[in-house]
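Basis for what follows: all heavy atoms, side chains included, without hydrogens, waters or symmetry-related copies. Letters A, B, ... are given to chains in the order of the sequence lines, protein chains preceding strands, and every chain is numbered from 1.
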Amino acid sequence: MDLKIATWNVNSLTVRLPQVLNWLGEQQPDILALQETKLTDPAFPTLDFANAGYQAVFSGQKTYNGVAILSRLPAVDPVTDLPGLDDPQRRVLGATVGEVRVVNLYVPNGQAVGSEKYAYKLDWLEKLIAWLQTELDRHACLVVLGDFNIAPDDRDVHDPTAWAGQVLCSEPERTAFRRLLDLGLRDTFRLFPQEERSFSWWDYRAAAFRRNLGLRIDHILASPALATRCTACQVDKTPRRLERPSDHAPVIAEFTAPTDL
DNA sequence: ATGGTGGCGCGGCCA
């Protein structure tokens, strides 16, 4: 059986729950990582997902942030913090699902280059890189996915000139992303030919989605052993076209089962 | 257009 793994920043799971449930029914992923659930843990709609055939682990907070992993198989050995970072913001959720170690990330946005939030983002990324080095040592099959809030390359930006040096595109952020790849992680989206101007996020303002003025900031990275089994990766723009959408579209990667090797 | 939209929650922050 192949393995289908997806990520989706839903920008409030309360608002988007019906869309997520519909999408799970249509796409039937094995694993879905959610970001910006904006829910405390007691408010998480565990039963709705159970009725849809999915287990859930989650790390949430009120109003901001919040991450969750939905999976067909149980998710075990959860981790909710970056080592060395004492942080109330709920942005990290690691768990093991079957043979795969899953690390779900909601990377800080960074607000503006030079701001306090930008410094926090770069520090956060430093701690992430150090931790993922150890995770790669521990887990041959590792997927690191989520909202990275980094457009890795000019190809991932609708207007690279306008965005040059801006937050989400700045060199320090891109260097941090490159260091993730230097650890051995592969950007599964770039393992395959893709349409030009493929993005995963479009601002709510200025009719950005209709004009395809977006960025590719949601990513699915895979360890070497898992990347060799990757058969596809694409953005599913369908939910972005709905009424009251998230500003992000889901990204889906598919992998052959280890027995298919 | 120094704005624009959306979520949370009811003023202002965050994206």
Side-chain angles (χ1 to χ4, degrees), chain A residues 7-23 33-45 48 58-68 82 85 87-93 104-125 128 145-152 156-170 172-174 176-177 199-219 235-251:
Chain A
T7 179
W8 193 3
N9 179 323
V10 291
N11 186 20
S12 170
L13 186 55
T14 304
V15 174
R16 237 62 70 186
L17 181 61
Q19 293 183 18
V20 175
L21 290 169
N22 283 340
W23 191 82
L34 300 175
Q35 304 86 36
E36 284 203 90
T37 55
K38 300 185 176 180
L39 282 170
T40 57
D41 290 347
F44 195 90
D48 293 281
F58 36 85
S59 179
Q61 68 184 86
K62 192 174 165 60
T63 310
Y64 302 115
N65 307 313
V67 285
L82 293 179
L85 192 71
D87 190 356
Q89 300 190 36
R90 303 292 79 202
R91 299 179 172 278
V92 174
L93 184 57
N104 177 18
L105 303 175
Y106 176 45
V107 177
N109 172 282
Q111 194 176 54
V113 173
S115 68
E116 273 185 36
K117 291 192 176 70
Y118 182 77
Y120 163 71
K121 179 179 194 173
L122 294 183
D123 180 57
W124 195 97
L125 288 165
L128 173 71
L145 77 174
D147 177 359
F148 286 66
N149 270 316
I150 300 172
D156 305 311
V157 181
H158 70 88
D159 186 345
T161 306
W163 279 85
Q166 301 296 308
V167 74
L168 312 185
C169 299
S170 74
E173 293 164 88
R174 286 181 168 177
F177 189 86
F199 309 123
S200 67
W201 170 83
W202 301 261
D203 200 300
Y204 284 122
R205 295 165 287 190
F209 180 68
R210 182 178 58 71
R211 300 156 68 198
N212 197 30
L213 306 182
L215 302 178
R216 191 176 71 93
I217 57 176
D218 300 272
H219 307 297
V235 177
D236 180 9
K237 289 169 76 170
T238 313
R240 190 63 179 79
R241 300 190 179 99
L242 298 172
E243 297 262 348
R244 249 190 137 183
S246 168
D247 46 350
H248 295 252
V251 182

- Message: Both Asp203(A) and Gly110(A) contact DNA chain B. Which one's nearest nucleotide lies toward the 5' end?
- Response: Asp203(A)

- Query: Start at the 5' end of DNA chain B and walk down; is the nucleotide closest to Asn149(A) or to Ala206(A) reached first?
  - Reply: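 Its nearest nucleotide being more 5', the pick is Ala206(A).
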
- Message: Students should find this one: the first and last nucleotides of DNA chain B, 5' to 3', lying under 4.0 Å from a heavy atom of chain A. What are they?
- Response: dG4(B) to dA15(B)

- Message: Just to be sure I understand the rule, does Phe209(A) reach a base, reach only the sugar-phosphate, or reach nothing, if contact means heavy atoms closer than 4.0 Å?
- Response: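 The residue Phe209(A) makes no contact with any strand.
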
- Under 4.0 angstrom, heavy atoms only, what part of the nucleic acid is Arg91(A) near: base, sugar-phosphate, or nothing? sugar-phosphate

- Using the ring of each side chain (for Trp, its six-membered ring), is Phe58(A) parallel, tilted or perpendicular to Phe44(A), with breaks at 30° and 60°? parallel

Sequence neighbours left out, what passes side chain to side chain contact (heavy atoms under 4.5 Å, CB included) with [X]? Give chain and number order.
{"X": "Leu242(A)", "value": "Gln19(A), Pro239(A)"}
{"X": "Ala206(A)", "value": "Arg211(A)"}
{"X": "Asp87(A)", "value": "Leu85(A), Gln89(A), Tyr120(A), Trp124(A)"}
{"X": "Pro45(A)", "value": "Leu13(A), Leu17(A), Leu39(A), Asp48(A), Phe49(A)"}

If I pick the [atom1] atom on [M] and the same atom on [N], what distance separates them, to the nearest angstrom?
{"N": "dG9(B)", "M": "dT5(B)", "atom1": "P", "result": "22 Å"}
{"N": "dA1(B)", "M": "dG12(B)", "atom1": "P", "result": "29 Å"}
{"N": "dC13(B)", "M": "dG3(B)", "atom1": "P", "result": "15 Å"}

- Item | side chain to side chain donor-acceptor pair (under 3.5 Å) partners for Asp156(A), two or more places apart | Arg190(A), Arg216(A)

- Check side chain to side chain donor-acceptor pair (under 3.5 Å) between Tyr118(A) and all other residues, then give those that pass, not counting sequence neighbours. Ser170(A)

- Sub-4.0 Å heavy-atom contacts from residues 13-22 of chain A onto DNA chain B, ordered by number: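 Within this stretch, Val15(A), Arg16(A) sit under 4.0 Å of the strand.
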
- Message: Which residues pass the ring pair (Phe, Tyr, Trp, His ring centres under 6.0 Å) test with Phe199(A), not counting sequence neighbours?
- Response: none

